[in-house]
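Numbers here are sequence positions counted from 1.
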Amino acid sequence: MNHIVAEVTVVPLGTGSPSLSSYVADVERVLKTYTHIKSMLTPMSTVLEGNLDEVLKAVREMHEAPFLKGVQRVSTRISIDDRRDKEISMQSKLEAVKSKG
């Protein structure tokens, strides 16, 4: 099983408003359809945990969500942590840092 942890930020551009919360809510609705992916919404991004192929499929759909509301430009940033020597999770990454503090 190739579990990864990824951080994703989807930013619709040119919406005419500084508020993006309705677009973030749309992206979160997309994620709810992916039952095998864990997600954690943070104030600045969404963190995902799951199989690489499924996460990339979800990111593609997340990226498309603002276009469905008429947005003409979207900037999406993704960062992937993919370890092949051992399983990782959001929780294990947090615990590793806390154990050293």
Practice problem: State the OG-CD distance between S92 and E87, to the nearest 0.5 angstrom. | Solution: 9.0 Å
Exercise. Apply side-chain contact (heavy atoms from CB on, under 4.5 Å) to S99 and list each qualifying residue two or more places apart in sequence or on a separate chain.
Key: none
Quiz item: So how far is it from H3 NE2 to M90 CE, rounded to the nearest 0.5 Å?
Solution: 8.5 Å
Practice problem: List in chain and number order the residues that pass side-chain hydrogen bond (donor to acceptor under 3.5 Å, both in side chains) with E54, two or more places apart in sequence or in another chain; answer none if no residue qualifies. | Solution: none
Self-check item: Transitive ILVMFWY side-chain link V5 to L41, under 4.5 Å
Solution: no
Quiz prompt | Partner residues of K93 under the salt bridge (Lys or Arg N to Asp or Glu O under 4.0 Å) criterion, sequence neighbours left out | solution = D81
Practice problem: Please confirm whether the backbone N or O of S89 pairs with a side-chain atom of E49, one donor and one acceptor, at under 3.5 Å? | Solution: no
Quiz item: Would you find more than 12 non-hydrogen atoms of other residues, nucleotides or ligands less than 6.0 Å from K69 atom NZ?
Solution: yes
Exercise. Starting from V55, walk the hydrophobic network (Ile, Leu, Val, Met, Phe, Trp, Tyr; side-chain heavy atoms closer than 4.5 Å) and list everyone else you reach, by chain and number.
Key: I4, V8, V10, V11, L13, L20, Y23, V27, V30, L31, Y34, I37, L48, L52, L56, V59, M62, F67, V71, V74, I78, I80
Quiz item: Would you call E7 and R77 a side-chain contact if the rule is heavy atoms closer than 4.5 Å?
Solution: yes
Quiz item: Is there side-chain contact between E95 and Q91, with heavy atoms separated by less than 4.5 Å?
Solution: yes
Quiz item: Considering only heavy atoms from C-beta outward, does the side chain of D82 approach that of R84 to under 4.5 Å?
Solution: yes
Practice problem: Just jot down the side-chain hydrogen bond (donor to acceptor under 3.5 Å, both in side chains) partners of R29, sequence neighbours excluded, or say none. | Solution: D26
Practice problem: Report the distance from atom OG1 of T76 to atom NE2 of H63, rounding to the nearest 0.5 Å. | Solution: 4.5 Å
Quiz item: Thinking salt bridges, do R60 and E64 make one under a 4.0 Å N-O criterion?
Solution: yes
Quiz item: Which pairs pass ring pair (Phe, Tyr, Trp, His ring centres under 6.0 Å) with one or both residues in residues 78-101, sequence neighbours excluded?
Solution: none
Quiz item: Checking side-chain contact (heavy atoms from CB on, under 4.5 Å) for the pair V47/T42: CA distance, chi angles, key distance, verdict?
Solution: CA-CA 8 Å; V47 180; T42 75; 4.3 Å; yes
